[in-house]
J.: 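Encoded as structure tokens, here's the structure I'll be asking about.
When a ligand or atom number is given, it counts from 1 through the structure's own listing order.
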Amino acid sequence: MIRGKLALTDLELDRLRGRPVLVRVDYNVPVEDGRVVDDLRIRATLPTLERLLAAGARPVLLSHFGRPKGRPDPAFSLRPVAEHLTTLVPWRVRFVPEVVGPSVAALVAQLVDGEIALLENTRFHPGEEANDSELGRQWADLGAAFVNDAFGAVHRAHASVVAVAEAAKAQGKPAVAGLLLVKELAYLGDALEAPRRPFVAVLGGAKISGKIDVIEALRPRVDRLLVGGAMANTFFRAMGLATGRSLVEDDRVPLARRLLDEMGDQLVLPRDVVVAPDPDAADRVQVVPREAIPADAMALDVGPETVAEFAAVTADAGTVFWNGPLGMVERPAFRAGTAGLARALADAAERGVVVVVGGGDSAAALAELGLVERMTHVSTGGGAALEFLEGKELPGVAALSDAA
Ligand code: ADP
Ligand code: MG
């Protein structure tokens, strides 16, 4: 049980023996030249699939992939993902090149023990994003239960997330949280509601405006809030410092001013920054104190003194929640701040600090650095993790069967 909802572990799995079970996964992974380049989200679903197969059930996987416009588009086919999945698991993976309909039902009926099916991109159907109840019903018809293991999609009221769960329940079938979804909700929920203290949050990324609800949600709960990334520039402006040509959200300066006043020492900003005339001028990079950002330069990363301070504050924490890169990580010249903090947090996690990381770009940066496994938990959901922290109801969780 998780948050009043049934979980896979609540079911008598023996009842699913020999029967197809629908599993919503989030296989919206980066693919380049037809190859999956980061499979964190795929590997994260394997425990649920293993559990179902061990019980003799036949998983039928549903996932979206990219943003096709409600119709088939070969550029967004899940076929490369199916091929990658085959290399990860000992089971036969049957890719079904359709989303729904008689040929899908026929193939599902033919599944044998030890096989799984992956249906084509749910967003090839116009009913997916419309949360079409008829589409949900057709999917629910295929299986004896619905398992949602797609944390990255639970903030979306789409048919493969909500309508299918509603339809399964209407058919007297359980709609439950998979092992990954349970783990995500447990880590993010505990981090927010019952953190081991001191509780330190680190926020980076491009904009305050995109994170204001997260800041408001974390503020009453955290002991310290460390801010990096371009977001820090708006605070610098509010402090009266010169920000040169850095990205600043002018309309959020009053908000930054208010947060500075109200939060005092709770809020920790970078002391030094890495500047350059522009993001492409990797040969003219300089570290300067925050008081000395040149008029013709942009702050594109936090400096080494800041990394050391953030590392020291998080080293003494009980729990750390991190969202958002501390610099423009896409460019190697501005990756050191994010990499430095990531290494410090990996060490902290190994000493027992609970380190939870959420956010798409943050998770990608950790994957690139090879540090995912060393954190306590790296969320597979970007938007979903933030909406959860903001305290918003997640429609995909709300739609699951209530625990008795
Ligand atoms: P997440 O996806 O982890 O929630 P965000 O989407 O909020 O993270 O932020 C990631 C983006 O922030 C990256 O594209 C990165 O380049 C950008 N960014 C971080 N620091 C800066 C900076 N100082 N100047 C410009 N862009 C920045
Ligand atoms: Mg992002």
Side-chain angles (χ1 to χ4, degrees), residues 26 28-30 38 40-41 67 151-152 155 188 201-215 217-218 225-237 241 243-250 252 256 269-282 285-288 290 293-294 297-303 306-307 310 320-342 345 355-369 371-372 375 377-390:
D26 179 3
N28 187 28
V29 294
D38 174 10
L40 172 70
R41 286 180 164 185
R67 297 183 180 276
F151 180 65
H155 60 312
L188 292 171
V202 186
L203 290 182
K207 294 180 175 172
I208 294 192
S209 50
K211 301 272 163 89
I212 180 60
D213 292 337
V214 184
I215 297 176
L218 289 172
L225 178 65
L226 316 184
V227 171
M231 213 194 278
N233 301 332
T234 304
F235 284 99
F236 292 160
R237 178 74 63 80
L241 300 177
T243 51
R245 298 176 44 245
S246 309
L247 180 65
V248 172
E249 288 174 279
D250 287 310
R252 302 295 158 147
L269 291 158
R271 293 183 180 283
D272 57 348
V273 288
V274 179
V275 299
D278 66 77
D280 294 316
V285 168
Q286 228 187 316
V287 176
V288 297
R290 67 185 181 200
I293 300 174
M298 308 174 82
L300 293 163
D301 194 6
V302 299
T306 301
V307 173
F310 283 17
V320 177
F321 173 74
W322 180 18
N323 165 261
L326 300 185
M328 196 180 258
V329 276
E330 296 87 348
R331 311 292 170 100
F334 310 109
R335 197 174 286 163
T338 301
L341 179 67
L345 291 181
V355 179
V356 178
V357 182
D361 292 289
S362 313
L366 289 183
E368 177 103 18
L369 291 162
L371 292 174
V372 171
M375 305 296 170
H377 181 66
V378 176
S379 177
T380 55
L386 296 183
E387 291 197 15
F388 183 71
L389 287 171
E390 289 161 18

J.: Look up atom OG1 in Thr243 and atom CZ in Phe235, then write down how far apart they are to the nearest 0.5 Å.
T.: 14.0 Å
J.: Specify side chain, backbone, both or neither for Glu330, according to which of its non-hydrogen atoms lie closer than 4.0 Å to ligand 1.
T.: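 Within the 4.0 Å criterion, Glu330 contacts ligand 1 through side-chain atoms alone.
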J.: For the Mg ion (ligand 2), give me the closest N/O/S atom belonging to Asp361, just the atom name.
T.: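 It is OD2 of Asp361.
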J.: Do any nitrogen or oxygen atoms of Asp301 come within less than 3.5 Å of a nitrogen or oxygen of ligand 1?
T.: no
J.: Is the backbone N or O of Pro30 less than 3.5 Å from a side-chain atom of Asp38, with the two atoms forming a donor-acceptor pair by type?
T.: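 Side chain of Asp38 to backbone of Pro30: no pair is present.
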J.: Report the nearest protein non-hydrogen atom to atom 21 (C) of ligand 1: residue, atom name, distance rounded to 0.1 Å.
T.: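 Sorting protein heavy atoms by distance from atom 21 (C) of ligand 1 puts Ala230 N, 3.4 Å first.
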J.: Quick check for you: to the nearest 0.5 Å, what is the distance between Thr234 atom OG1 and Lys207 atom NZ?
T.: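 Going from OG1 on Thr234 over to NZ on Lys207, the span is 10.5 Å.
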J.: Could you list the atoms of ligand 1 found under 4.0 angstrom from a heavy atom of Asn323?
T.: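 Those of ligand 1 that fall under 4.0 Å from Asn323 are 1 (P), 3 (O), 4 (O).
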J.: Considering only protein heavy atoms, which is closest to atom 18 (N) of ligand 1, and at what distance to one decimal place?
T.: Gly327 O, 3.7 Å
J.: Hey, which atoms in ligand 1 end up nearer than 4.0 Å to a heavy atom of Leu300?
T.: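 This gives 23 (N), 24 (N) as the contact atoms.
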J.: Please list the nearest protein heavy atom to atom 26 (N) of ligand 1 with its residue and the distance rounded to 0.1 Å.
T.: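 Here the closest protein heavy atom is Met328 CE, 3.9 Å.
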J.: Side chains of Ser209 and Arg252: do they bring a donor and an acceptor to under 3.5 Å?
T.: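 Not at all, the side chains of Ser209 and Arg252 share no donor-acceptor pair under 3.5 Å.
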J.: For ligand 1, which atoms have a heavy atom of Gly360 less than 4.0 angstrom away?
T.: 1 (P), 2 (O), 3 (O)
J.: Is Gly382 close enough to touch ligand 1? Criterion: a residue heavy atom under 4.0 Å from a ligand atom.
T.: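 Distance cut 4.0 Å: Gly382 fails for ligand 1.
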J.: So does Glu390 have more than 12 non-hydrogen atoms from other groups sitting under 6.0 Å from CD?
T.: yes
J.: In terms of atom number and element, which parts of ligand 1 are under 4.0 angstrom from non-hydrogen atoms of Ser362?
T.: 1 (P), 3 (O)
J.: I need the Arg41 CZ to Asp26 CG distance, nearest 0.5 Å.
T.: 4.0 Å
J.: Between Ser246 and Asn233, what is the shortest heavy-atom contact and its length?
T.: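 Taking Ser246 first and Asn233 second, the nearest heavy atoms are CB-ND2, 3.4 Å.
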J.: In Å, rounded to the nearest 0.5 Å, how long is the span from CZ of Phe321 to CG of Leu188?
T.: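 Output value for this atom pair is 6.5 Å.
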J.: Quick one: do Asp278 and Arg245 make a salt bridge, cutoff under 4.0 Å?
T.: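 Not counted as a salt bridge, because no side-chain N and carboxylate O are separated by less than 4.0 Å.
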J.: Using modelled atom types only, decide if a donor and an acceptor are shared between the side chain of Arg290 and the backbone of Pro270 within a distance under 3.5 Å.
T.: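 At least one qualifying donor-acceptor pair exists.
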J.: Assess Pro325 for proximity to ligand 1: is some non-hydrogen atom of it under 4.0 Å away?
T.: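 Yes; Pro325 lies near enough to ligand 1 that a heavy-atom distance drops under 4.0 Å.
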J.: Can you list the atoms of ligand 1 that are under 4.0 Å from a heavy atom of Gly324?
T.: 3 (O), 8 (O)
J.: For the 3.5 Å polar cut-off, considering only N or O atoms, please tell me whether Asn233 and ligand 1 meet it.
T.: no
J.: Would you name the heavy atoms of Leu326 and Thr338 that are closest together and state the gap between them?
T.: N-OG1, 2.9 Å
J.: One residue to check: Ala363. Relative to ligand 1, which of side chain, backbone, both or neither has a non-hydrogen atom less than 4.0 Å away?
T.: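 Answer for Ala363: neither.
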J.: How close does the nearest protein non-hydrogen atom get to atom 9 (O) of ligand 1, and which residue and atom is it?
T.: Gly205 CA, 3.2 Å
J.: Quick check: closest heavy atoms across Gly228 and Val302, and the distance to 0.1 Å?
T.: CA-CG1, 4.1 Å
J.: Which one of Leu203, Val202, Leu269 satisfies the side chain to side chain contact (heavy atoms under 4.5 Å, CB included) criterion with Leu225?
T.: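 Among Leu203, Val202, Leu269, the one meeting side chain to side chain contact (heavy atoms under 4.5 Å, CB included) with Leu225 is Leu203.
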J.: Any N or O of Ala299 that comes nearer than 3.5 Å to an N or O of ligand 1?
T.: yes
J.: State whether the shortest distance between N or O atoms of Ala206 and N or O atoms of ligand 1 falls below 3.5 angstrom.
T.: yes
J.: What protein heavy atom lies closest to atom 1 (P) of ligand 1? Include the residue and the distance to one decimal.
T.: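 The answer is Asp361 N, 3.6 Å.
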J.: Please confirm whether Lys211 approaches ligand 1 to less than 4.0 Å, judged on its heavy atoms.
T.: yes
J.: Tell me whether Gly229 has any N or O atom under 3.5 angstrom from an N or O of ligand 1.
T.: no
